[in-house]
Trainee: 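Sharing a structure below in structure tokens format, with a few things to ask.
Predicted, not measured: the structure shown is a model, and the values here were computed from it. Numbers restart at 1 for each chain; the letters A, B, ... are given by sequence-line order, proteins then strands. Just so it is clear, the values below take in all heavy atoms, side chains as well, and ignore hydrogens, waters and symmetry mates.
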Protein chains: 2
Amino acid sequence: MHAGGIGSRPAAPTLEMVAREANVSRATVSRVVNGSPKVSPEVLAAVNAAIAKLNYVPNRAARSLASRTTNAIALVVPEDTTRFFGDPYFAAIVQGITRRLDESEYLLNLLISTSDPNRKTVRYLRSGVVDGALVISHHEGDDSLVEAAGSVPIVFGGRPERESDDEIFVDVDNVEGGMTATEYLIATGRRRIGTITGPLDMSAGVDRLDGFRRSMAVAGLPDDAVETADFSVAGSVAATRRLLDRVPDLDGLFVASDLMATGALSVLRERGRRVPDDVAVVGFDDSPAAMSSAIPLTTVHQPSEEMGYEMADLLIRLLAGDTTVSHRNIMPTRLVRRASA
Amino acid sequence: MHAGGIGSRPAAPTLEMVAREANVSRATVSRVVNGSPKVSPEVLAAVNAAIAKLNYVPNRAARSLASRTTNAIALVVPEDTTRFFGDPYFAAIVQGITRRLDESEYLLNLLISTSDPNRKTVRYLRSGVVDGALVISHHEGDDSLVEAAGSVPIVFGGRPERESDDEIFVDVDNVEGGMTATEYLIATGRRRIGTITGPLDMSAGVDRLDGFRRSMAVAGLPDDAVETADFSVAGSVAATRRLLDRVPDLDGLFVASDLMATGALSVLRERGRRVPDDVAVVGFDDSPAAMSSAIPLTTVHQPSEEMGYEMADLLIRLLAGDTTVSHRNIMPTRLVRRASA
DNA sequence: TTGTAGGCGTTATCAG
DNA sequence: CTGATAACGCCTACAA
């Protein structure tokens with residue numbers, strides 16, 4: 001269909017060419033492209049005509065080289081593809097981010113930094129392709145990302161474990177969330193309560209466990225029924241099996257994410273334990289997985305989509321030069337009662 | 001932690017600065033950065049030292065402006081975030097793409113072009129930020145994307161409906177796949193067979209339906225039990241309800257995707273129809289959803305992950321100047337028997 | 001309101 | 001092997 005087909009793409013039109021076509025200077029074309037008000041109507045019309053005729057689109061590299069801004073931000077996810085696509089939590093966050101970005105001129109570059117989040121990602125962030133970055137699912141040890149913050153503004157989703165005053169993040173109070181879940185189990189009469197935790201190199205993992213421990217301590221109950229997983233279904237399945245082997249009389253279970261809770265549910269079924277009769281289960285997130293689960297999950301709701309929106313909003317304000325953005329942005333959680341507990 | 005904190009980021013080091021630090025010319029630094037062999041060992045060492053000392057990272061905009069290549073490709077997905085994250089099929093494709101890209105120097109820019117895939121996305125592709133693009137889940141009417149192919153090489157995942165000789169794509173034979181599924185249902189004794197189709201503005205939707213019709217015709221069975229959905233669970237649930245209302249004696253069902261099949265399964269359960277005893281169900285994709293489904297799905301396997309890999313591979317070869325890449329790349333499907341039929 | 005000219009950080013083409 | 005010296009396409013004072 002195109003003359004010549006593949007291998008002979010037409011050279012992209014440039015400002016220069018548009019200028020010639022419209023009989024004006026490059027500067028003038030640049031002005032109309034960037035919506036400057038100081039352009040006479042006739043010239044504006046002529047230039048727009050030339051742009052349309054040549055089908056001109058500004059070259060982004062040249063533009064950002066000259067203006068020192070890219071109009072793009074990166075979303076860094078130090079997880080492998082499977083994890084990223086497997087957990088609805090991420091979908092919600094991304095949803096919120098794109099919602100905010102759609103209201104702006106910014107473009108999103110998704111970096112699923114599967115292996116080695118360090119070197120490659122940091123180089124990317126420092127290479128000037130993006131004006132700022134959003135980092136979610138940050139693990140302890142990914143310090144290079146924090147280092148990258150020296151080059152470009154970064155907003156974290158989830159409190160970085162090594163929190164310093166410089167980091168900006170949005171999160172929920174995971175300790176409180178863990179307590180809410182645990183207290184509910186206790187209040188409904190459970191006594192032998194356990195928990196499947198998230199990875200302990202993430203603040204969400206550590207804090208939710210911490211909340212569990214505190215509530216158990218307050219109630220004078222033992223907090224030894226703890227098994228660690230990695231926010232994946234497979235990990236949760238394995239952890240739940242270990243836990244049931246070790247604590248056969250378990251009657252309550254707080255699982256640190258809804259996705260993992262679905263895994264726990266399947267193990268409980270395979271072991272013939274009725275939910276919630278024999279074992280009450282409380283999840284965390286209130287993601288779609290909670291409702292579509294075989295047994296709808298009682299869970300600690302967190303406003304994931306809003307958190308994504310907020311992250312993007314903070315970054316955009318930061319990029320706009322707003323120095324008043326608050327560094328700790330804590331959003332509320334609440335218990336949602338369904339069938340599992 | 002950083003002197004000055006936010007708002008006072010240090011200017012990024014440039015080639016120029018490295019050159020000065022190492023007492024050589026910019027050209028020489030450029031050579032070592034790009035791994036040119038024609039550099040003396042001493043100079044190389046000196047330059048590398050300077051690079052390390054200054055923590056230099058090349059500016060991507062400048063580089064691509066000068067070299068007219070970006071080392072990045074885009075993955076365009078004309079679907080909203082929910083759909084994209086909701087269907088494991090996409091996860092598999094992305095997985096395959098990143099696997100191929102990890103073997104190369106190319107970076108992936110994910111464009112979930114939610115609303116208006118046209119204008120914004122095309123501008124992006126034409127703005128020179130990527131060397132090429134991968135397009136999946138292409139709908140009829142997204143012709144602007146095809147147009148964009150005039151500016152940058154594009155490889156499609158799934159045959160574009162308006163196939164012309166220029167388009168390069170990888171796909172399976174969906175007609176054949178639809179026939180395989182339908183024939184299996186017929187072979188196992190089903191006679192009142194229906195189908196839940198994908199969207200009819202996508203070749204995958206149309207072709208699988210076509211396969212169904214052909215097989216039914218060959219068997220001399222009626223092909224009126226057809227309802228259209230959109231590859232989403234919600235859509236499938238609604239379509240299945242309509243179908244059961246209209247064809248109460250249904251005993252076989254071919255659903256155009258595994259994700260939709262899970263929706264169909266839930267409707268069948270809600271209507272008290274046993275699977276596969278009362279109604280046999282065959283899906284399509286063989287995605288993780290097929291196995292984790294309440295009733296493991298009998299389904300038409302397609303090598304999604306491989307298809308992603310192949311797409312990326314074709315594009316990379318294209319970008320490398322390989323003019324011998326084949327335009328129609330059809331991969332095999334096969335029936336996988338599980339519990340649902 | 002419009003044009004001129006210099007520069008953004010690299011790559012690439014030449015001489016040396 | 002190394003160093004000038006143009007581009008690359010666009011933005012932005014500064015002039016006119």
Trainee: Quick one: do B:Asp171 and B:Arg159 make a salt bridge, cutoff under 4.0 Å?
Mentor: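 B:Arg159 and B:Asp171: not salt-bridged.
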Trainee: Specify the separation, in whole Å, of atom NZ of A:Lys38 and atom C1' of D:dA13.
Mentor: 11 Å
Trainee: Verify whether the ring centers belonging to A:Phe90 and A:Phe85 lie closer than 6.0 Å.
Mentor: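 Aromatic pair excluded; centres sit 6.0 Å or further apart.
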Trainee: Please report the distance, rounded to the nearest Å, between CD in B:Glu42 and P in D:dC1.
Mentor: 10 Å
Trainee: Across the strands shown, which category fits B:Val33 at heavy-atom distances under 4.0 angstrom: base, sugar-phosphate, nothing?
Mentor: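 Since no nucleic acid heavy atom lies under 4.0 Å of B:Val33, the category is nothing.
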Trainee: Starting at atom CZ of B:Arg63, determine the distance to atom P of C:dC8, rounded to an integer number of angstrom.
Mentor: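 So the two atoms are 19 Å apart, to the nearest Å.
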Trainee: Quickly work out the B:Asn71 CG to C:dT11 P distance and round it to whole Å.
Mentor: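 Taking atom P of C:dT11 as the reference, CG of B:Asn71 is at 11 Å.
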Trainee: Does B:Asn59 make a side-chain N or O approach to OP1 or OP2 of C:dC8 shorter than 4.0 Å?
Mentor: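 For C:dC8, OP1/OP2 do not have a side-chain N/O of B:Asn59 under 4.0 Å.
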Trainee: Among D:dT2, D:dT12, C:dT10, which nucleotide has an atom closest to any side-chain atom of B:Val39?
Mentor: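 Selected nucleotide (nearest to the side chain): D:dT2.
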Trainee: What nucleic acid atoms does B:Val24 come within less than 4.0 Å of, heavy atoms only: base, sugar-phosphate, or nothing?
Mentor: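 Counting heavy atoms under 4.0 Å across all strands, the contact made by B:Val24 is with sugar-phosphate only.
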Trainee: Which nucleotide sits closest to the side chain of B:Pro58: C:dC8, C:dT10, C:dA12?
Mentor: C:dT10
Trainee: Nearest whole Å is fine: how far is D:dG9 P from A:Tyr56 OH?
Mentor: 10 Å
Trainee: What nucleotide, of C:dT11, C:dT1, C:dG9, holds the atom closest to the side chain of B:Leu65?
Mentor: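 Nearest nucleotide to the side chain: C:dG9.
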Trainee: Is there a donor N/O on one and an acceptor N/O on the other, under 3.5 Å, for the side chain of A:Arg26 and the base of C:dG6?
Mentor: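 Yes, a donor-acceptor pair under 3.5 Å.
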Trainee: Let me spell it out: for each of A:Ser67 and A:Asn23, pick the nucleotide of DNA chain C with the closest heavy atom. Which residue's pick is nearer the 5' end?
Mentor: A:Asn23
Trainee: Measure the CD1-CG distance between B:Ile97 and B:Leu315 for me, rounded to the nearest 0.5 Å.
Mentor: 9.5 Å
Trainee: Starting at CZ of B:Arg20 and ending at P of D:dG3, how long is that distance when rounded to a whole Å?
Mentor: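 These atoms are roughly 15 Å apart.
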Trainee: Under 4.0 Å, counting only non-hydrogen atoms across every strand here, what does A:Ser30 touch: a base, just sugar-phosphate, or nothing?
Mentor: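 Here A:Ser30 touches the bases of the nucleic acid.
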Trainee: Whole-Å distance between D:dC11 P and A:Glu16 CD?
Mentor: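 Distance check: A:Glu16 CD to D:dC11 P gives 13 Å.
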Trainee: OP1 or OP2 of C:dC8 sitting under 4.0 Å from any side-chain N/O of B:Thr14?
Mentor: no
Trainee: Could you check whether the side chain of A:Arg31 and the base of C:dG3 have a donor-acceptor pair of N or O atoms closer than 3.5 Å, going by distance alone?
Mentor: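 Side chain to base: pair found, below 3.5 Å.
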Trainee: Taking the side chain of B:Asn34 as heavy atoms from C-beta outward, which of C:dT11, C:dG3, D:dG9 is closest to it?
Mentor: C:dT11
Trainee: With under 30° as parallel and over 60° as perpendicular, where do the rings of A:His138 and A:Phe156 fit, or are they tilted in between?
Mentor: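 Tilted.
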Trainee: Is it the case that the side chain of A:Ser304 and the backbone of A:Ile93 share a donor-acceptor pair, with hydrogens and angles ignored and the cut-off at 3.5 Å?
Mentor: no
Trainee: Starting from the 5' end of DNA chain D, give me the residue, B:Pro41 or B:Arg68, whose nearest nucleotide shows up first.
Mentor: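 First, find each residue's nearest nucleotide; the 5'-ward one identifies B:Pro41.
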